[in-house]
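In what follows, chains are A, B, ... by sequence order, proteins preceding strands, each numbered from 1.
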Amino acid sequence: MLLGVNNLKTYFYIECGVVKAVDGVSFSLDRGETLAIVGESGSGKSVTALSLLNLISTPPGKILEGEVLLEGENILEFSEKSLQTIRGNKIAMIFQDPTTSLNPVFTIGNQVTETILTHQNISKKEAREKTVKLLKMVGIPNARGRLYDYPHQFSGGMRQRVMIAMALSCEPDILIADEPTTALDVTTQAQILELISGLQKELNSAIILITHDFGIVAGLADRVLVMYAGKAVEYADVDAIYYRPCHPYTLGLMKSVTRLDEPRREKLQSIKGSPPSLIDVPPGCSFHPRCEFAIDVCRKKIPKLIEIEPGHFSACHRVGKGGLEVI
Amino acid sequence: MFRYIAKRLLQVVPVVIGVTLIIFLLMFILPGDPARMLVQKGASPEVLQVIREKYGLNQPWYVQYGKYMWNLLHGDFGTSIRFKRPVLDIIKDYYPNSIRLALVALIIEAVAGIASGIISAVKRHSFLDVLVTISTTILVAMPVFWFAMLLQVSFGLKWDILPISGMGDGSWRYYVLPAIALASVNTAFTARIMRSSMLEVIDCNYIWVARAKGLSERKIILKHALKNALIPVITILGLDLGTLIGSAILTETVFSWPGIGRVIYLAILQRDVPVVMGCTLILVFIFILLNLIVDVSYTYLDPRIRLGDRRAV
Ligand SMILES: Nc1ncnc2c1ncn2[C@@H]1O[C@H](COP(=O)(O)OP(=O)(O)OP(=O)(O)O)[C@@H](O)[C@H]1O
Ligand SMILES: [Mg+2]
């Protein structure tokens, strides 16, 4: 096992209360595998990702408990110095917003080379050559000529490609892609996703793909983790999720898929209501106020994540051995 | 680039005309007769008349102004009414002292202000941050002459480690106390602006990206955050140099520093128009030059800005 996450809890202590952004999430990942983390805005996807790099701003944030095992070692116990050798090197991350992810006052060549030079013992010249190769690989035309350009001279899609090149520069074991395509138009979106999965095959790395869009999950992911209000509500192989969804929330998300071949609809319209504030989560199952199958027990008891078939987990009171009872 | 600089330098012409005109008119509006300032009390009207004629003071202001500008065009700054020596000589005598003192003060301001700004932003809410906040508040609130005298009393008189008056042989020891006094208020402001600018930058997405790349915190602050945070501070530093040269009168007085601030001040009191004009014009040139330098240095700090369309900061 390349990466194992056990019972991860990351809270933010802010003035009006405790934000339980990640509340007991577990999953695992192997080389060459792709895990999709799916959930609505504010469900704790980005915080989960940042926790994997131990990059939570403290205060107000704190990783309360849990383990992040990278090849068996818990990196949450590492010193800052050893963490720096992992970040960008073994675990790299593509951030959510490409327009603000690059430093505006340094050339993109500088920013990519810098990552390489931080982790690899090669000369500046070699690093620059490698950068050119990476930029070519992610499909930036005239890569050598653009080395000395600044981020504002690139379009959003091109900036995201630079970010991908930067993230891949040290051939990471794990690539976290946090909504790598939300800021982009549909065509670019498809190109970027293709690029990521192509590069994965080449490097045999593991990918954690974060998205709120089930539409892009099918073609890319091997396993899917569905998050709601900081908790994992369903965790299964991609086929199981598609053919036998075992949580009403997953069902709702799938109904609201945006498809590449369709004009874009409003996001996630088909689930009524909006996600709860993470400070004041509803008692019992946090999804119950929006759930059409909710019964009494849902309002009182927090459902446990149970295995309903091999490798398929769901946290719902209404689910039995045969899947969701109500369907 | 060269076209831009040439264009900017050409703008000097209207500015010089405007500034000279304003000073000329102001000196005319001010009560007090320059001729009277030159003679003993109770001098006869005849004597005054002779003096007026000698210096052309009896002509209408526009004739005087025209004459002055004509001479200026030929590199002649005129002669001081009071000191009876060419204004250019006075400028040469006093300006270098002022500029050197201002430069030392600017270095203090930049180093101390930027460093304490960074520290208090990075170690936000820590003891050091509170210390910086308190000391900047005190520095801003304290009158400059009082702070200057405090320095004199402690470092000069009590511990006797630094000279407290004049320039002596011009060694660096004479610069220390006046430069600190001169820089005090500006340093406090720079520290505060640096702090808030740094705090804003430190929260930006690209800083988190830099962390996720595995860079050390030191490199993140001193490379990625600093260059962005410096952009607003550079304007302030550039323009401060001008103020440090031109309005150091209090510091110059307390430390008996032979600088231009006092010369201008006394020249205004004595209606010594050529001196006021000459010294102010040089100051205007310095300001224009500094502005230009700030604008050009912007393009190095912030690639998004091209010369000619400076963003408001
Ligand atoms: N630095 C922080 N301080 C306080 N609260 C935070 C901080 N970062 C995140 N949170 C809170 O944690 C919760 C989860 O945020 P997160 O960014 O992980 O959501 P997300 O699932 O990535 O959503 P999105 O799809 O919008 O990116 C949110 O309620 C957010 O307000
Ligand atoms: Mg997010």
Side-chain angles (χ1 to χ4, degrees), chain A residues 46 49-50 52-57 59-60 80-108 110-120 148-153 159 162-163 166-170 172 175-176 178 183, chain B residues 114 118 121-127 129-130 194 197-235 294-311 313:
Chain A
S46 297
L50 289 170
L52 300 184
L53 291 164
N54 205 344
L55 266 185
I56 298 297
S57 58
E80 183 62 24
K81 202 141 192 85
S82 348
L83 280 170
Q84 281 164 14
T85 65
I86 288 174
R87 293 179 189 145
N89 190 24
K90 293 195 157 174
I91 308 179
M93 178 156 169
I94 303 167
F95 279 63
Q96 204 162 349
D97 181 5
T99 54
T100 58
S101 291
L102 290 161
N103 192 327
V105 302
F106 293 103
T107 63
I108 57 130
N110 180 322
Q111 297 184 56
V112 180
T113 346
E114 174 186 56
T115 319
I116 301 173
L117 288 172
T118 306
H119 298 295
Q120 293 175 1
Y148 299 101
D149 281 352
Y150 289 91
H152 73 274
Q153 292 163 296
R159 273 185 241 184
V162 174
M163 285 302 296
M166 202 153 81
L168 292 174
S169 62
C170 298
L175 175 69
I176 305 172
D178 190 354
Chain B
I114 291 175
I118 294 175
V122 173
K123 305 256 176 245
R124 197 180 177 183
H125 301 318
S126 70
F127 170 73
D129 183 22
V130 175
M194 190 67 209
S197 170
M198 196 74 183
L199 280 178
E200 198 177 306
V201 169
I202 263 179
D203 221 26
C204 279
N205 210 2
Y206 53 77
I207 296 297
W208 286 100
V209 172
R211 291 205 176 99
K213 290 198 314 194
L215 304 190
S216 64
E217 199 61 20
R218 192 189 155 82
K219 186 153 195 196
I220 291 168
I221 298 299
L222 293 183
K223 180 182 171 184
H224 285 264
L226 184 60
K227 199 174 171 198
N228 282 284
L230 272 182
I231 294 169
V233 176
I234 286 297
T235 333
V294 166
D295 283 359
V296 172
S297 66
Y298 259 154
T299 58
Y300 287 101
L301 276 176
D302 190 345
R304 289 164 297 187
I305 295 173
R306 269 168 304 147
L307 284 178
D309 52 48
R310 175 168 148 195
R311 193 180 47 163
V313 272

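In this structure, the side chain of A:Asn103 engages the main chain of B:His224 through a donor-acceptor pair within 3.5 Å.
Side chains of B:Cys204 and A:Thr100 form no contact here, defined as non-hydrogen atoms less than 4.5 Å apart. In this structure the side chain of B:Pro303 reaches within 4.5 angstrom of the side chain of A:Val105, judged on heavy atoms. Side-chain contact between A:His119 and B:Lys213 is absent, with no heavy-atom pair separated by less than 4.5 Å.
When heavy atoms are compared at a cutoff of 4.5 Å, B:Ile207 does not approach chain A at all. Only the side chain of B:Lys219 comes within contact range of chain A, with at least one heavy atom under 4.5 Å from a heavy atom of that chain.
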Inset, instruction - Test B:Val209 against A:Phe95 for side-chain contact (heavy atoms from CB on, under 4.5 Å), laying out the working first. - result: CA-CA 7 Å; B:Val209 172; A:Phe95 279 63; 3.6 Å; yes

Legend entry - Residue pair A:Asp97, B:Asn205: steps toward the side-chain hydrogen bond (donor to acceptor under 3.5 Å, both in side chains) verdict: CA-CA 8 Å; A:Asp97 181 5; B:Asn205 210 2; 5.0 Å; no

Legend entry - A:Leu83 vs B:Arg211, side-chain contact (heavy atoms from CB on, under 4.5 Å): CA-CA, chis, key distance, verdict: CA-CA 10 Å; A:Leu83 280 170; B:Arg211 291 205 176 99; over 6 Å; no

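Ranked by heavy-atom pairs under 4.5 Å with chain B, the first of A:Thr85, A:Thr118, A:Leu55 is A:Leu55. Most heavy-atom pairs under 4.5 Å with chain B: of the set A:Gln153, A:Met163, A:Glu114, A:Met166, this distinction falls to A:Glu114.
Atoms OG and NZ, from B:Ser216 and A:Lys81 in turn, are 7.0 Å apart once rounded to the nearest 0.5 Å. For the atom pair B:Trp208 CH2 and A:Ser101 OG, the distance stands at 13.5 Å (nearest 0.5 Å). The distance from the CZ atom of A:Phe106 to the NZ atom of B:Lys227 is 5.0 Å, given to the nearest 0.5 Å. Expressed to the nearest 0.5 Å, how far CG of B:Leu215 lies from CD of A:Gln111 amounts to 10.0 Å.
The minimum heavy-atom distance linking A:Gln84 with B:Glu217 is given by the pair NE2-N, 3.9 Å.
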